[in-house]
**Student:** 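Quick one: this structure, given as structure tokens, is what I'll be asking you about.
Just so it is clear: chains get the letters A, B, ... in the order the sequence lines come, proteins before strands, and each one is counted from 1.
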Amino acid sequence: MADQDTIRQVEELKKYKYGFETQVETEKAPKGLNEDIIRFISRKKDEPEWMLQWRLDAYHRWLQMEEPRWAKVHYEPIDYQDLHYYAAPKKKTIKSLDELDPEILKTYEKLGIPLREQEILAGVEGAPKVAVDAVFDSVSVATTFREELEKAGVIFCPISEAIKKHPELVKKYLGSVVPVNDNFFAALNSAVFTDGSFVYVPKGVRCPMELSTYFRINERNTGQFERTLIIVDEGGYVSYLEGCTAPMRDEHQLHAAVVELIALDDAEIKYSTVQNWYPGDEEGRGGVYNFVTKRADCRGRNSKVSWTQVETGSAITWKYPSCILRGDNSVGEFYSIAISNNAQQVDSGTKMLHLGKNTKSRIISKGISAGRSQNTYRGLVSIHKKATGARNFTQCDSLLIGEKCGAHTVPYIQVKTPHAKVEHEATTSKIAEEQLFYCRARGIPEEEAVALIVNGFVREVIQKLPMEFMAETQRLIGISLEGSVG
Amino acid sequence: MLLEVKDLRVQVRPEDEEAEGAVKEILKGLSLAMNAGEVHAIMGPNGSGKSTLSHVLAGKPGYEVTAGEVLFDGEDILELEPEERAAKGLFLAMQYPVEIPGVAYMQFLKVAVNAQRELRGEEELSTPDFMRLVREKAQKLGISMDMLKRPVNVGFSGGEKKRMEVLQMAVLEPKLCVLDEIDSGLDIDALKVVADGVNALRDASRGFLVITHYQRLLNYIEPDFVHIMVNGRIVESGGKELALKLEREGYAAFQDAA
């Protein structure tokens, strides 16, 4: 038996060796998905055997699964054998911003991103160090940050590094919130993920900085199959921001990330997302398909997780950041702004699963549709039998701009105990001609007026974002809606 | 000449392009001329086209000008966007100021001030300068700074809304103020406050076009000229005594002229 295993392994090594020799040099796996590709990825990442097995298990489960079709989004079938699942993170570098597409430069300017930071975003050679100096007037803030985090005992590293250095944590928590067979895209991610972040905040530690600050000056993870795992131990706190207001172009059309958050007793996690992937042209051609699984487990008593998201990009968004409110008195929050323009399709919302006693959840969703876009809020509030004293408040507001877009609200509410309180409010409104004219009669041009009115509409959610991103996000909203009127 | 309206004909564009017979002419050859420093009142019964005139002056979409001219400071403004007219110094105080939820009044004012400055090719007003300006103007009108932190017109009383319109006027410093039934929905105390605010803005370089149903407002904002508007035309013009005649005799006496 053991011999047979050995033989199989050697055979496979051979297969790998001969099959991919040339590709190893080019740092790119051939198209398609099979066991060999997964072994290749695992090997490239220098992973331990248990991780490989975990991936293979996910792959086999994925093969049994079907792509979900229930969302209100339409797209041509994806040929999963026609994609590359591994490409070395080769970054194109340019010498100066002059080489950049002027359209992107214009957007940076509108967003008010400092010049030095623009250089990092655009990948200008040798930019990061300069940028750090320029932004923070210090020699090496990045190193200072790292030291500061280490001193506090916070682990913050790429997930591939965590798999090697902190296997006990990864083994214990990876897939514990989003099981490998949770859904089609999560299974795919589990099999082939290549990049992502790992955060561990130990007992009683308040992470000494917003991890958003860190991202602001460091390279962002923009992998195609991103995997993020954040664990906050008892009494700890962390605020994490992913994404970026600057437009992100990517040659990969399919993105399927998985994010897992675990909050133990009295722990709190604030997770903010600003997503501005390429939405495609006006017809939606070439835009990113964003199929994301994000879930938090409020495992401990009195734990709290807040999701805040600003979704402006992607051709298709399929995303439901959720909270499992397992611990008694735990709190889940979901604040969302989803903007769709042109041919964009958004199907997004949240799930609040109340399992523990006196658990509370709050959902504030603001959907804005313009152009010919379709924007759906889909949410589940489920209160289990034992969740006595549970409370939920949901508010879903939709704003329509123009005549050809759509807004849809699909709330599911399941309550299995009489000792719970669930409230749902929903409104749909149009930007009134009267509002636009009022602004214009005061000298505010039409597009600016739309941006102003929409920013007023989403104010409650904007205020939940980390300070430094508020102003930028407000401008982003204006930019996303350009050309939506007139 | 600050404002010259020459033989203006305006119809309402039908919502549905193919609907026939929906076109309705509202202004039927209206002419009006006013100088800077003057206050003109336009009085007329319901449906005479008073509000349409104010909307067309400000450039509200939905109206079609079929003939005539509107010269503002000698320049034909009919082709200009509403924001461009505003930047040139035309201000319309609205009969029904609109609510903009989530947008603080202060922010709205700042965006408006700077948008106008940008359209005029002027530098942006710095935040401290802007705050100083607003504080000074608000104080004169007895408007508290707390009021400016609230979202635009949301939950404001009728009187508060109109008072804020006057504040906008004071901050934006237009050359021509068109007041569209600024007295509607106001009790006598609120009316006095608003009228005082308007009077404080009167000066030799600014003109006011006051549109109203009632003579009452003109007791507080005293006009230099009064025009009676019936059925889309000015049918009689005169001094302020004309308003008193109207008050005595009603619009019926003027209907025949139309």
**Student:** What part of B:Leu172 is in contact with chain A, defined as an atom under 4.5 angstrom from a non-hydrogen atom: side chain, backbone, both or neither?
**Tutor:**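 Interface part for B:Leu172: side chain.
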
**Student:** Answer yes or no: does atom CZ of A:Arg391 have more than 12 heavy-atom neighbours from other residues, nucleotides or ligands under 6.0 Å?
**Tutor:**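 Not buried by this count: 12 neighbours or fewer within 6.0 Å.
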
**Student:** Side chain from CB out, backbone as N, CA, C, O: work out which of these in B:Gln107 comes under 4.5 Å of a heavy atom of chain A, or both, or neither.
**Tutor:**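 For B:Gln107, the side chain is the part near chain A, not the backbone.
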
**Student:** Which one wins on heavy-atom pair count under 4.5 Å against chain B: A:Cys439, A:Pro445, A:Ala449, A:Ala441?
**Tutor:**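 It is A:Pro445.
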
**Student:** Can you tell me which portion of B:Gln116 sits under 4.5 Å from chain A's heavy atoms? Options are side chain, backbone, both or neither.
**Tutor:**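 Contact with chain A: backbone and side chain both.
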
**Student:** Do B:His213 and B:Asp183 meet the criterion of a side-chain donor-acceptor pair at a distance under 3.5 Å?
**Tutor:**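 No, no side-chain donor-acceptor pair sits under 3.5 Å.
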
**Student:** What part of A:Arg459 gets within 4.5 angstrom of chain B, counting heavy atoms only: side chain, backbone, both, or neither?
**Tutor:**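 Answer is side chain: those atoms of A:Arg459 sit under 4.5 Å from chain B.
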
**Student:** Any chance the side chains of A:Gln345 and A:Asp347 put a donor and an acceptor closer than 3.5 Å?
**Tutor:**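 No, no side-chain donor-acceptor contact under 3.5 Å.
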
**Student:** Check whether NZ of the Lys or CZ of the Arg A:Arg442 lies under 6.0 Å from the centre of the six-membered ring of B:Phe91 and within 45 degrees of that ring's axis.
**Tutor:**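 Checked: cation-pi criterion met.
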
**Student:** Is chain A contacted by the side chain of B:Leu119, its backbone, both, or neither, given a heavy-atom distance below 4.5 Å?
**Tutor:**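 For B:Leu119, side-chain heavy atoms alone lie under 4.5 Å from chain A.
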
**Student:** Side chain, backbone, both or neither: which part of A:Glu448 has a heavy atom under 4.5 Å from chain B?
**Tutor:**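 It is the side chain, since no backbone atom gets that close.
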
**Student:** Assess, by modelled atom type and distance only, whether the side chains of A:Ser348 and A:Gln309 contain a donor and an acceptor separated by less than 3.5 Å.
**Tutor:**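 Note: A:Ser348 and A:Gln309 side chains meet the donor-acceptor criterion.
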
**Student:** Does any backbone or side-chain atom of A:Phe457 lie under 4.5 Å from a heavy atom of chain B? Answer side chain, backbone, both or neither.
**Tutor:**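 For A:Phe457, the backbone is the part near chain B, not the side chain.
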
**Student:** What part of B:Pro97 is in contact with chain A, defined as an atom under 4.5 angstrom from a non-hydrogen atom: side chain, backbone, both or neither?
**Tutor:**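 Backbone plus side chain of B:Pro97, per the 4.5 Å heavy-atom cut-off to chain A.
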
**Student:** Looking at B:Val152, B:Val111, B:Asn114, which one has more heavy-atom pairs under 4.5 Å with chain A than the rest?
**Tutor:**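 Among B:Val152, B:Val111, B:Asn114, the one with the most close pairs to chain A is B:Val111.
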
**Student:** If you count every heavy atom of other residues, nucleotides or ligands that lies below 6.0 Å from A:Glu423 atom CD, does the total exceed 12?
**Tutor:**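 Enclosed: over 12 neighbouring heavy atoms sit under 6.0 Å from CD of A:Glu423.
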
**Student:** Under a 3.5 Å threshold, yes or no: a donor from one side chain and an acceptor from the other, between A:Glu311 and A:Gln275?
**Tutor:**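 Note: A:Glu311 and A:Gln275 side chains meet the donor-acceptor criterion.
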
**Student:** What part of B:Phe108 gets within 4.5 angstrom of chain A, counting heavy atoms only: side chain, backbone, both, or neither?
**Tutor:**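 Its backbone and side chain both get close to chain A.
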
**Student:** Side chain, backbone, both or neither: which part of B:Val113 has a non-hydrogen atom closer than 4.5 Å to chain A?
**Tutor:**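 When you check distances to chain A, no heavy atom of B:Val113 falls under 4.5 Å.
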
**Student:** Taking atom types as modelled, find out whether A:Ser373 and A:Asn375 have a side-chain donor-acceptor pair closer than 3.5 angstrom.
**Tutor:**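 Judged by distance alone, the side chains do not pair up.
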
